[in-house]
Number of protein chains: 2
Amino acid sequence: MSNATPLRPPAFRRSEPDARRADLIAATARVLAREGTGGTSVRAIAVEAGVSPGLVGHYFAGIDALVAATYAHVEHTVSEALDAAVAVAGPNPRARLDAFVTASFSPPIASGELLATWTAFWSLVRSRPDIARQHDEQYAAFRARLEALLAECGLPAARLRHAAIAITALVDGLWLELCLSPVGLSPEAFSADEAGAIARSVLDALISTGRSAG
Amino acid sequence: MSNATPLRPPAFRRSEPDARRADLIAATARVLAREGTGGTSVRAIAVEAGVSPGLVGHYFAGIDALVAATYAHVEHTVSEALDAAVAVAGPNPRARLDAFVTASFSPPIASGELLATWTAFWSLVRSRPDIARQHDEQYAAFRARLEALLAECGLPAARLRHAAIAITALVDGLWLELCLSPVGLSPEAFSADEAGAIARSVLDALISTGRSAG
DNA sequence: GCAGTTGTTGTACGACTGTCCAACAAGCTT
DNA sequence: AAGCTTGTTGGACAGTCGTACAACAACTGC
């Protein structure tokens, strides 16, 4: 007998709070992508993360808070992808703007898998003031970046706000429809390339109008 | 003793199937508006409609089918409101287009109460092929009407498709943000009037570009 | 090696979900 | 007035939901 108490592997591993939080958020994003809003529950997330269901409650006040944190994380990923696309576009202002909208309709941003995260979050905005505030902040940040890019292109300051709202809405609307109707499934659907071309042509129209008339 | 069997009012009233269907759909719309997506259940809808919960299953295959029917009905209402706005705008093509976008941001279309119906529907699109088809059809109809209005304005046929996609996305994006951030609650939020002005200025840019360049 | 800390487990709990169906009754037909 | 059709009821059903909590165990510091 070499060992009276057979040494078995640990039943679980401890994690640093931040790492575990990140794990749970990533698991939530995967479940939302795979199962959709309706199939996303505390238990499904716990299984996906390989932890006990009780742990979710230990790190997040509730399922709503977890969804909100997941939205914040996904939006952060999107922001980084957009910044990276703008950075590689070089110094030309218009090229940077084009890179911004093109990236908005390319993976990993334009992916039907992200849609459930957005709809789940939107469902909470109207009933939860704290989540409404989170939405406002993230929307404001998104619009501010677009305003900066438009300012670089020489758009007069007086038109910046409306132009940024317009392009944000245009990109959001195209992105939403792109996620809802992936090309190939429906005969009328437009492709990511088309969405980019459309957004760029609206940018053309807005910027040239601004220059000739303002 | 006037009556051995006291005559009591009927315990319930029968309805024509179509009328009852319409009642249930209207009740679903109200519950979605009041309680949000999360609070919308078969029982809540039955209470709102003043019927027994079992009746819901008698008329609709499931809660998903009822949500889809509610979406179809609300979108029909929206379409009629848009048509009415265009009709009263008179014969001038550009005035008709302006009326279209202005109405898109006015009651009863731009109302936060409608948002839950849309998010609930969007949540079903990716997992239910039949609902995806319904979305494609209603989106195509929406875009077709916009194409007709743009054609009246003299936009060349080659640019009609992209212009209609652009304006549809722009209006959708503005509408969504308008519902998510009612002006007054957030300092940066834009108003319905602003949304209309923004959409009309993009129309200006698109149409004038089309005329001068092609 | 032995506490002490605390991340983690697993389950119990009550409330709620969607679906189903046998019994009932409203209103039309005869 | 009696019968029939069928819209309607109301509860049963199995399942899932989110949350709470006592017990357990992995790791830290001693």
Side-chain angles (χ1 to χ4, degrees), chain A residues 3-25 27-28 31-32 34-70 116 120 123-124 127-128 131, chain B residues 3-25 27-28 31-32 35-70 120 123-124 127-128 131:
Chain A
N3 246 335
T5 58
L7 52 109
R8 47 172 172 68
F12 59 88
R13 265 190 326 148
R14 287 194 161 193
S15 279
E16 292 208 356
D18 288 344
R20 189 65 90 183
R21 266 183 137 72
D23 281 352
L24 288 172
I25 286 171
T28 305
V31 173
L32 278 167
R34 180 171 10 99
E35 312 284 346
T37 308
T40 300
S41 65
V42 170
R43 283 167 182 81
I45 292 166
V47 168
E48 178 72 28
V51 299
S52 155
L55 200 59
V56 174
H58 188 74
Y59 282 103
F60 295 92
I63 186 77
D64 292 357
L66 181 46
V67 168
T70 302
S123 301
L124 301 174
S127 52
R128 300 264 314 236
I131 291 183
Chain B
N3 245 336
T5 57
L7 53 108
R8 47 173 172 69
F12 58 90
R13 265 191 324 146
R14 290 194 157 191
S15 279
E16 292 209 357
D18 288 344
R20 190 64 92 182
R21 267 181 136 74
D23 280 352
L24 288 172
I25 286 171
T28 304
V31 173
L32 279 167
E35 312 284 347
T37 308
T40 300
S41 65
V42 170
R43 281 166 182 80
I45 292 166
V47 168
E48 178 71 28
V51 299
S52 153
L55 199 60
V56 175
H58 188 75
Y59 282 102
F60 295 92
I63 186 78
D64 292 357
L66 181 47
V67 168
T70 303
S123 300
L124 301 174
S127 53
R128 300 263 316 235
I131 291 182

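Both backbone and side-chain heavy atoms feed into the values below; hydrogens, waters and symmetry mates do not. In this text the structure is predicted, and so the values were computed from the model without any measurement. In what follows, chains are A, B, ... by sequence order, proteins preceding strands, each numbered from 1.
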How long is the span from the [atom1] atom in [X] to the [atom2] atom in [Y], to the nearest 0.5 Å?
X: B:Glu35; Y: A:Ser127; atom1: CD; atom2: OG; answer: 10.0 Å
X: B:Leu24; Y: B:Ile45; atom1: CG; atom2: CD1; answer: 8.0 Å
X: A:Tyr59; Y: A:Ile25; atom1: OH; atom2: CD1; answer: 12.0 Å

A:Arg34, CZ: over 12 other non-hydrogen atoms inside 6.0 angstrom: yes

Nucleotide [N], atom [atom2] - distance to [atom1] of [X] in whole Å:
X: A:Asp23; N: C:dG7; atom1: CG; atom2: P; result: 15 Å
X: B:Asp64; N: C:dT17; atom1: CG; atom2: P; result: 15 Å
X: A:Glu35; N: D:dC17; atom1: CD; atom2: C1'; result: 15 Å
X: B:Phe60; N: C:dG18; atom1: CZ; atom2: P; result: 15 Å

Base versus backbone protein contacts along nucleotides 24-30 of chain D [heavy-atom cut-off under 4.0 Å; B, S, -]: -BBS---

Residues touching DNA chain D, which here means a heavy atom under 4.0 Å, drawn from residues 46-57 of chain B: B:Val51, B:Ser52, B:Gly54, B:Leu55

C:dG7 OP1/OP2 closer than 4.0 Å to side-chain N/O of A:Tyr59: no

Short side-chain N/O contact to D:dT8 OP1/OP2 from B:His58, under 4.0 Å: no

Nearest non-hydrogen partners of B:Val56 and B:Ala46, listed with the distance: CG2-CB, 4.4 Å

Closest contact, heavy atoms only, A:Gly39 versus A:Val31: O-CG1, 4.0 Å

Qualifying residue for side chain to side chain contact (heavy atoms under 4.5 Å, CB included) with B:Val67, from B:Leu124, B:Thr37, B:Ile131: B:Leu124

Sugar-phosphate only, base, or nothing, as touched by A:Arg43 at under 4.0 Å among non-hydrogen atoms: base

